[in-house]
Amino acid sequence: MSRTTIQTHNAPQAIGTYSQAVRVGDTVYLSGQIALDPASMAMVQDSIENEIHQVFKNLRAVCEAAGGSLNDIAKLNIFLTDLGNFATVNGIMAEYFQQPYPARAAVGVAALPRNARVEADGVMVVGAHEADVLP
């Protein structure tokens with residue numbers, strides 16, 4: 001199966017040796033997104049709420065560049081430097097995702113790149129047909 005890298009100017013450019021996403025068949029592996037503004041590459045950190053919104057906007061841009069949407073994410077991982085922000089992430093996540101929600105892990109970590117307080121990555125499935133979904 002061939003690998004295709006996904007890249008969009010609507011999400012921050014990679015700040016390391018990785019791609020924004022890689023597609024293999026119908027599966028898209030989404031790299032972690034922090035709250036970098038794609039135009040300026042500056043962190044959005046004026047509030048935890050705005051930081052979380054920017055993370056989901058960045059993730060959405062990569063999903064769209066890969067031919068899908070946030071609702072095509074099957075597995076989402078969220079990394080937080082302060083698990084006290086977990087409820088805030090849940091509230092904001094509900095603005096970006098619809099049921100059925102993806103499988104998810106939320107993990108407390110000591111630090112993230114660029115002093116981010118939240119990062120999210122995931123696995124998306126595109127091109128699936130309704131018949132592929134079990135009742």
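Any value given below was found using the heavy atoms of this structure, including those in side chains, with hydrogens, waters and symmetry copies removed.
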Report task. State yes or no: do I15 and I6 share one hydrophobic cluster built from I, L, V, M, F, W and Y residues joined by side-chain heavy-atom distances below 4.5 Å, directly or via other members? Result -> no
**Report entry** Worked verdict on L36 versus M43 for side chain to side chain contact (heavy atoms under 4.5 Å, CB included)
**Finding:** CA-CA 4 Å; L36 284 170; M43 286 293 293; 3.6 Å; yes
Query raised in the report: Would Q33 and Q20 satisfy side-chain hydrogen bond (donor to acceptor under 3.5 Å, both in side chains), going step by step from the backbone distance to the final call?
Result: CA-CA 8 Å; Q33 291 293 326; Q20 290 173 330; over 6 Å; no
Query - Nearest-0.5 Å distance, CZ of residue R23 to OG1 of residue T5 - result: 12.5 Å
Report task. To the nearest 0.5 angstrom, please state how far the OG1 atom of T88 sits from the CD1 atom of I48. Result -> 7.0 Å
Query raised in the report: Is V44 reachable from I78 through a run of hydrophobic residues whose side-chain heavy atoms are each under 4.5 Å from the next?
Result: no
Query raised in the report: In terms of hydrophobic clustering (I, L, V, M, F, W, Y; side-chain heavy atoms under 4.5 Å; direct or indirect links), are V118 and F86 co-clustered?
Result: yes
Requested in this report: Taking N71 for its side chain and Q98 for its backbone only, find out whether a donor-acceptor pair lies under 3.5 Å.
Outcome: yes
Query raised in the report: Given Q45 and N115, is the side chain to side chain contact (heavy atoms under 4.5 Å, CB included) satisfied, shown in steps?
Result: CA-CA 9 Å; Q45 290 181 306; N115 294 317; 4.3 Å; yes
Query raised in the report: Shortest non-hydrogen contact from T8 to A61?
Result: CG2-O, 3.8 Å
Query raised in the report: Within the side chain of E119, is there an N or O that forms a donor-acceptor pair under 3.5 Å with the backbone of L112?
Result: no
Query raised in the report: Roughly how far, to the nearest 0.5 Å, is the CG atom of D72 from the SG atom of C63?
Result: 7.5 Å
Report task. Pick out which of L59, V62, N77 makes a side chain to side chain contact (heavy atoms under 4.5 Å, CB included) with D121. Result -> N77
Query raised in the report: Shortest non-hydrogen contact from A11 to P38?
Result: C-CB, 3.5 Å
**Report entry** Worked verdict on Q54 versus N50 for side-chain hydrogen bond (donor to acceptor under 3.5 Å, both in side chains)
**Finding:** CA-CA 6 Å; Q54 189 64 52; N50 287 341; over 6 Å; no
**Report entry** Under 3.5 Å donor-acceptor, E49 side chain and V89 backbone
**Finding:** no
Report summary line: On a heavy-atom basis, the closest approach of T81 and A111 is CG2-CA, 4.0 Å
Query - Shortest non-hydrogen contact from S40 toward D37 - result: N-OD1, 2.8 Å
Query raised in the report: Distance from F97 atom CZ to S69 atom OG, nearest 0.5 Å?
Result: 9.0 Å
Query - Single-linkage hydrophobic cluster, 4.5 Å side-chain cutoff, V109 and L83 together - result: no
Query raised in the report: Between V125 and A74, which heavy-atom pair has the shortest distance, and what is it?
Result: CG2-CB, 4.3 Å
Report summary line: To the nearest 0.5 Å, atom CG of N10 lies from atom CD of E64 at 8.0 Å
Query - Cluster check F79, M93: I/L/V/M/F/W/Y, side chain < 4.5 angstrom - result: no
Query raised in the report: Please walk me through it: do R114 and I34 pass side chain to side chain contact (heavy atoms under 4.5 Å, CB included)?
Result: CA-CA 8 Å; R114 304 268 178 108; I34 57 176; 4.0 Å; yes
